[in-house]
Amino acid sequence: MSAPATVPPPTQPHERGTGSASERVTTTAPTVVGDGTSARSRARSRWRRVVWPLAVLVTLALVAVLIVVLRPATSTTPLAPDNPEGAGSRALAQILADQGVDVRYVRTSGQAVAAAREGTTLLLAGSYLLMDEQVEDLASTEADLVLLEAESWHIHELTDGAVDLGYATGTGEVDASCDDPDAQAAGSIDSDGYGLTALSPDVELCFLNGDTPLTGAYASVEADGRRVVVIDDSTLFMNARLAEDGNAALALRTLGRHDSLVWYVPSINDLGGEAGTSAGAVLPAWAGPVSLQLLVLALALALWQGRALGRVVTEPLPVTVRAVEATLGRGRLYRRARSRGHAAAALRAGMARRGAARLGLPRSAGAPEVIDGLARATGRSTEQVAHLLYGPPPTDDDGLLALARQLDELESEVHRT
Amino acid sequence: MAITWRAVALTALGVVAVLLVPVTAMVVGWTVLVVLLCGVDVALAASPREVAVSRAVPGAVRLTEQARSTLTLTNRSRRRLRAVVRDAWQPSAGAGPNRHAVDVRPGEATRVRTALVPTRRGDRRADRVTIRSFGPMRLAARQVSLQVPGRLRVLPEFASRRHLPSRLARLRELDGRTAVQVRGAGTEFDSLREYVIGDDVRSIDWRATARRSEVVVRTWRPERDRRVMIVLDTSRTSAARIGDLPRIDASMEAALLLSALASRAGDRVDLIAFDRRVRAQVAGASGPRLLPALADALAPIDPALVETDWPGVVSAIQQRLSQRALVVLLTSLEPAAVESGLLPVLAPLAKDHMVVLASVADPEVAALRAQRASSAEVYDAAAAERTELERAAVTVRLRQRGVEVVDALPDDLAPRLADTYLALKAAGRL
């Protein structure tokens, strides 16, 4: 099929006014059919366009999977049972596990409360991240508690006010000097904590501080039918210090009392609530599919709006600078250099030139003739005119402004004659 | 491949369906349904690659005038073509609504027209023609962008043509066609005629009077068949913007008005556009062919960011001129450029020819010079004053070498240059 006769009736060449160049010849370009591609070439070019981004994405995904798979099951959380560093407690957890204690590591208070049944030990390693509700939840469990470096009011809450934090400083290695079998087994320890004080006669206070009387590093009390052990210094349980003094004996005996140990290290992301509570449980059943459908809808919207009807056309712009830029630049130079002399000279010379031209003086006229002429034309004294045109340069910006205005005034008077 | 709002609406209906049957399988099922329908629609759409497209554009149009780009679309497929066609142009081509809905049966053709009101001089080019062909359900479409070349040459506006009638009237006065005879020194002898009261007594031809019984005067007419050489400087100084337009546009206006006037006055007009090489030239065109040739030559010229090669300009002029001529340099009176470039090579040119330098002045400098509101503004005013002093000094030096200088604001340059031409013609200095 050949191209149809598509030339519209040519507009008549007409000359407007003076007959300038307005060629009204209509040109017809050759007919274009298709963009010269076939289904196969399009597929190939599409593949070529997509292959590199695809390769990058696949590589990224592979690397991510490898990182997840090969990552050692360790952490850097202080006192965590999977942290092999100095501040971790993996050594302690592994020894306990070897001895047949079931160590369960939890990060939320919900999990801790759920796991802490009667006949288990609940280790609370550091309590400053806990909220009051979480501490109340922990207090309501029936498990034995071991509090490591807990906050004063948390100790108060969990021991029914029997133990409080003291305000002592460490004094080096001290002996157990009490009847608690665990403390006696440990022999001596060296605590750097603040020390603990007993507020109730039921409390067994051990490792008494030599400098501050009635303050010890270890307290145990039977509260609400369970045993609560408070230790003021968490570093005793860390990998770095576990082998020192009687630390290992103290730690293993306090945590290994029962077959089951819940190892709770509070997390900053935990806001309390029951174990296993997630957003999904509170939403209705249709929420999942509907949000999935909304996701598909968003995708469809993106596809609809994302496909442009042809490419964006750009404009090749000419480089055009404002002609006045050079003059403005010079003005800024005058200003920055505070070059009042140059500025005043320019203003004066310009005024003198225009004044002389208006008076009909020749270009070659010298200063005295210009001054005389202007004085006659304005009725001012020659001294005044001479001072204005050839006086000393102004010393400050206000002087320059005043000079400019006086020159304007003089010029306007010349104009009047 | 593209989808339409209908496909999106269909997907949105899926939300209702999922609310009724809230299971994930429903989501998957609905999505598969939408994708299938879109696929069927695309498969049933006429192929945009089987559409024959041809374009018709006027060859040239004057700036601010309207042109039309016409696309003819012939459906060569066996399916009905329902499509949106976009005729894309450069932004400065000033295309109006350029998306057209078409519905073409197999084997038929249709035309779509896009109005163009160019906003810039020069060659404006068409970009791609995009055809989006929808399926019968209008859920999805096939799309292709075709390269259908098209060029619209936008000629200088020649707004200064409104000054032409008054200048032509003055030219006729010079020419002796009207009753008033304007005399100038050195004009050509035309004829003898009877003395009428009011004629200059100095023009009485006593010898002819003695032969006849009445008093006879000589009449003159201005010289004809002189040469006018217009040199358009396209270097960096012409790129500077004054108001909204670069200097070169005002220079072009002046060149067009002068050419129109000079060709009516019977002079031959040549033009070269020059920076470091000849960018465009018009030689030997006369009569009604001159202005179209000039406009066509000037239209695509943009200033280049280089310094003018003035010795090159002078030798190019001398190559083209054998007799005395009027040489009009359309450049800018920039002190540094003129002092270092033009002045040293001007002497031989000014000796052989009448040289006029026409420059576009900047109204912003004058406004800057008058401001007095604060001390900071006074520094700017002083700088503007200094600029004008330097221009004045350069003007004096040019005049000392016998060069006429026309320094005028962009809108005034064309009439002022025409007036200068008329004055020179009247004075017989061509």
Side-chain angles (χ1 to χ4, degrees), chain A residues 1 3-4 6-8 17-29 31-35 285-286 289-290 292-294 296-297 300-301 303-304 307 309-311 313 315 318-324 327-328 330-331 334-335 343 346-347 349-350 353 363 397-398 400-401 404-405 408, chain B residues 2-3 8 11-12 14-15 18 22 24 27 31 49 52-56 58-60 62 70 72 74 76 86 88 90-92 109 127-128 130 144-146 148-149 155 158 161 164 239-242 246 260 291-292 295-296 302 362 364-365 372 375 378-380 382-387 389:
Chain A
M1 198 190 289
T6 57
V7 186
T18 59
S20 90
S22 187
E23 291 175 52
R24 293 309 183 117
V25 185
T26 298
T27 55
T28 309
T31 305
V32 175
V33 185
D35 52 359
W286 49 264
V290 166
L292 198 63
Q293 181 65 26
L294 287 175
V296 174
L297 180 62
L301 267 171
L303 284 177
W304 171 45
R307 181 78 163 117
L309 190 61
R311 65 179 184 183
V313 190
E315 177 76 26
V319 182
T320 49
V321 189
R322 276 167 78 210
V324 78
T327 304
L328 285 173
R330 180 185 275 178
Y334 280 167
R335 204 177 315 149
L347 291 171
R353 185 177 68 87
R363 277 181 219 282
D397 285 358
D398 290 338
L400 181 65
L401 190 57
R405 287 183 177 148
D408 284 351
Chain B
I3 62 168
V8 178
T11 317
V15 177
V18 171
T24 311
V27 178
T31 307
R49 288 181 177 80
V53 186
S54 69
R55 183 199 292 282
R62 206 183 276 153
T70 309
T72 306
T74 312
R76 294 188 183 179
R86 173 184 179 226
Q90 277 181 10
S92 63
D127 202 70
R128 308 280 170 88
T130 305
V144 66
S145 287
L146 305 171
V148 187
L155 305 175
F158 196 15
R161 65 178 179 269
L164 196 59
R241 185 160 54 85
I242 292 182
L291 278 182
D296 200 46
D302 274 325
D362 191 349
E364 284 180 87
V365 172
R372 294 283 187 270
S375 57
V378 172
Y379 282 114
D380 286 342
E385 194 81 79
R386 178 62 68 191
T387 304
L389 282 170

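A note on names: the letters A, B, ... follow the listed sequences, proteins ahead of strands, and every chain is numbered from 1.
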Worksheet entry | Part of B/Asp127 within contact of chain A (heavy atom distance under 4.5 Å) |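 Looking at B/Asp127, just its side chain touches chain A.
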Fill in: Contact origin within B/Val8 toward chain A - heavy atom pairs under 4.5 Å
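For B/Val8, the contact with chain A is made by backbone and side chain together.
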Return the option, out of [options], with the maximum number of heavy-atom pairs under 4.5 Å with chain B.
options	result
A/Val324, A/Leu401, A/Val32	A/Val32
A/Val290, A/Leu301, A/Leu294, A/Leu297	A/Leu297
A/Leu303, A/Leu292, A/Asp397	A/Asp397
A/Ala343, A/Ala323, A/Gly331, A/Ala300	A/Ala323

For the backbone of [Y] and the side chain of [X], can you confirm whether one donor and one acceptor N or O come within less than 3.5 Å of each other?
X	Y	value
A/Arg405	B/Arg372	yes
A/Arg335	B/Tyr379	no
A/Gln293	B/Thr31	no

Interatomic spacing from [atom1] in [X] to [atom2] in [Y] - rounded to 0.5 Å:
X	Y	atom1	atom2	value
A/Leu328	B/Glu364	CG	CD	7.5 Å
A/Leu347	B/Arg386	CG	CZ	9.0 Å
A/Arg311	B/Arg86	CZ	CZ	9.5 Å
B/Arg128	A/Asp35	CZ	CG	9.0 Å

Item to complete: Find the one option among B/Val365, B/Val15, B/Asp302 whose heavy-atom pairs under 4.5 Å with chain A are most numerous.
Response: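 Among B/Val365, B/Val15, B/Asp302, the one with the most close pairs to chain A is B/Val15.
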For the residue pair [X] and [Y], what are the closest heavy atoms and their distance?
X	Y	value
A/Ala346	B/Glu385	O-CG, 3.0 Å
B/Thr130	A/Gly310	OG1-CA, 3.2 Å
B/Ala88	A/Val313	CB-CG2, 3.8 Å

Worksheet item: Checking heavy atoms, do the side chain of A/Arg322, its backbone, both or neither come under 4.5 Å from chain B?
Response: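 For A/Arg322, backbone and side chain are both near chain B.
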Discussion item. Would you say that B/Val18 contacts A/Pro289 through its side chain, given a criterion of any heavy-atom pair below 4.5 Å between the two side chains?
Written reply: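 Result yes, sub-4.5 Å side-chain heavy-atom pair found.
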Fill in: Side chain proximity check, B/Ile3 to A/Arg307, heavy atoms < 4.5 angstrom
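No, their side chains stay 4.5 Å or more apart.
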